[in-house]
Amino acid sequence: MSKLAVFGVGAALMLAAAPASAITTFADFSPATNAPNILYVGAEDGSGTLSSIDQLVHFAFLNSDGSVSGTTFDVLMNLTATTGAATVVGGSLALLPITDGTLTFTSTSPVTWGGHTGTNLLSVNFSGGFLSAILGGSTASYGNSTPPFTVSFTSDFLDFSTSTARDLALAIDAINPSVGFAFGGNRLNLGTMSGNFGADATSGNPQGVVPEPTNWALMFAGFGLVGSVLRSQRRRTEVSFG
């Protein structure tokens, strides 16, 4: 799977503040079935949790050209993330701040890749940035980068000890019920998540890394526009993914 586009104003906010470091996408994942693999439980103001428990996904390490390096592994995905109260921009765009999260991809038995053997293909800790979604829609996106926010990786197969810039991009599709206003009570939503991960330096990857192109000037221009909209139109409202 190629590099996912990071859609939404929340992702634009994150990317606009990110450094101009050369980050390469080194891994991605996609659902193993068409069934939902993520659950959102939220209060009226949008604060809540995202979770996934032992969901089967396809996970792959990538070559510098985005092709799969070796084998695509069927592994178990687990996610826990906390969202803060939502802000609605322009009457239709919901931004949910991510306060903290953990995402892991684990094999039930040892696998071998790049001369290494283990079960922890990738573990991700993250915080900051926004989950963004259009009210009435069925998709959402989340992007994060360190700096300015927090993204850290550990793996039995790659070493990130020399990395200074890392990112992740997550896309949630087929949200059901659709994103909408809440009028009392908690809301439960199901969705299907995929994503990818990047870093400016990894060791243990036999393919090496080649920087991905990034148009920082465009991102900073978008950041200025978004900041203006937020200052003029920000308001609190009762929002949920249901």
Side-chain angles (χ1 to χ4, degrees), residues 1-4 6 11 14-15 17-30 37-38 50-52 54-55 57-64 66-82 98-108 110-131 141-172 193-212 214:
M1 183 171 63
S2 62
K3 176 75 174 180
L4 288 175
V6 183
M14 177 279 296
L15 288 170
S21 299
I23 293 180
T24 298
T25 302
F26 64 84
D28 68 11
F29 73 96
S30 59
N37 64 9
I38 186 171
L50 290 164
S51 64
S52 180
D54 289 342
Q55 293 296 308
V57 298
H58 301 312
F59 182 96
F61 294 109
L62 304 178
N63 295 314
S64 58
S67 62
V68 174
S69 176
T71 302
T72 296
F73 300 99
D74 287 340
V75 300
L76 297 180
M77 176 181 73
N78 283 273
L79 166 71
T80 57
T82 304
I98 301 294
T99 56
D100 59 78
T102 301
L103 178 60
T104 63
F105 301 91
T106 307
S107 174
T108 57
V111 297
T112 299
W113 178 85
H116 303 277
T117 299
T119 58
N120 173 31
L121 279 79
L122 188 67
S123 294
V124 187
N125 289 303
F126 57 93
S127 63
F130 296 87
L131 178 72
S141 62
Y142 174 66
N144 195 349
S145 176
T146 185
F149 303 119
T150 300
V151 180
S152 63
F153 301 130
T154 59
S155 173
D156 290 341
F157 304 89
L158 295 174
D159 180 7
F160 301 95
S161 60
T162 61
S163 172
T164 59
R166 297 167 296 278
D167 69 15
L168 64 85
L170 304 176
I172 304 174
M193 188 171 73
S194 57
N196 56 51
F197 311 94
D200 63 341
T202 62
S203 59
N205 184 350
Q207 304 299 327
V209 295
V210 175
E212 64 186 21
T214 310

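Every value quoted in this text rests on a predicted model; they were computed, and no experiment measured them.
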**Q** Classify the ring geometry of F26 against F153: parallel below 30°, tilted from 30° to 60°, perpendicular beyond 60°.
**A**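 F26 and F153: perpendicular rings.
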**Q** Working to the nearest 0.5 angstrom, can you tell me the gap between L158 CG and F61 CZ?
**A**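 Going from the CG atom of L158 to the CZ atom of F61 covers 5.0 Å.
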**Q** Looking only at non-hydrogen atoms, find the nearest pair between A199 and I23 and report the distance.
**A**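 Minimum heavy-atom separation between A199 and I23: N-CG2, 3.4 Å.
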**Q** Rounded to the nearest 0.5 Å, what separates atom CZ in R166 from atom OG1 in T146?
**A**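 Answer rounded to 0.5 Å: 5.0 Å.
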**Q** Would T25 and F197 count as a side-chain contact (heavy atoms from CB on, under 4.5 Å) if you check the C-alpha gap in whole Å, the side-chain angles of each, and the deciding distance to 0.1 Å?
**A** CA-CA 5 Å; T25 302; F197 311 94; over 6 Å; no
**Q** What are the two closest heavy atoms between S155 and F160, and how far apart are they?
**A**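 Smallest heavy-atom distance, with atoms named: CB-CE1, 4.1 Å.
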**Q** Hey, could you give me the CG/CD1 distance between L170 and I98, rounded to the nearest 0.5 Å?
**A**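 Result: 9.0 Å between the selected atoms.
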**Q** Pairs under 3.5 angstrom only: tabulate donor-acceptor contacts from the side chains of residues 72-79 to other protein residues two or more places apart or in another chain.
**A**
residue: D74; atom: OD1; partner: H58; partner atom: ND1; Å: 2.5
residue: N78; atom: OD1; partner: D54; partner atom: N; Å: 2.9
residue: N78; atom: ND2; partner: D54; partner atom: OD1; Å: 3.0

**Q** So, for T164 and P147, which heavy atoms are closest and what is the spacing to 0.1 Å?
**A**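 It is O-CD, 3.6 Å.
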**Q** Evaluate the side-chain contact (heavy atoms from CB on, under 4.5 Å) criterion for residues D167 and V151: first the C-alpha distance (whole Å), next the side-chain angles of each, then the deciding distance (0.1 Å), finally the verdict.
**A** CA-CA 6 Å; D167 69 15; V151 180; 5.7 Å; no
**Q** As an exercise, state the distance from CG of N144 to CG of L168, rounded to the nearest 0.5 Å.
**A**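 CG of L168 is found 5.5 Å from CG of N144.
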**Q** For T154, check side-chain hydrogen bond (donor to acceptor under 3.5 Å, both in side chains) against everything at least two apart and list the hits.
**A**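 For T154, no residue satisfies side-chain hydrogen bond (donor to acceptor under 3.5 Å, both in side chains) once neighbours in sequence are set aside.
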**Q** For the residue pair D200 / S163, report whether a side-chain donor-acceptor contact shorter than 3.5 Å exists.
**A**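 Yes, side-chain donor-acceptor contact under 3.5 Å.
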**Q** Applying side-chain contact (heavy atoms from CB on, under 4.5 Å), run through V111 and L121 and close with a yes or a no.
**A** CA-CA 9 Å; V111 297; L121 279 79; 4.1 Å; yes
**Q** May I ask you to decide if the ring planes of Y142 and F126 are parallel, tilted or perpendicular, using 30° and 60° as cut-offs?
**A**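 Y142 vs F126 ring planes: tilted.
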**Q** For residues 101-108, tabulate all N or O donor-acceptor pairs below 3.5 Å that involve a side-chain atom, not counting sequence neighbours.
**A**
residue: T102; atom: OG1; partner: N125; partner atom: OD1; Å: 3.0
residue: S107; atom: OG; partner: S109; partner atom: N; Å: 3.3
residue: S107; atom: OG; partner: S109; partner atom: O; Å: 2.4

**Q** Might you point out which heavy atoms bring A201 and T162 nearest each other, and give the distance in Å?
**A**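 Here A201 and T162 meet closest at CB-OG1, 3.7 Å.
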**Q** Given T202 and F157, is the side-chain contact (heavy atoms from CB on, under 4.5 Å) satisfied, shown in steps?
**A** CA-CA 10 Å; T202 62; F157 304 89; over 6 Å; no
**Q** Between L131 and I172, is any pair of side-chain heavy atoms under 4.5 Å apart?
**A**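 Yes. Closest side-chain heavy atoms under 4.5 Å.
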**Q** How many angstroms lie between atom OG of S69 and atom CG of N63, to the nearest 0.5 angstrom?
**A**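 It comes to 4.5 Å.
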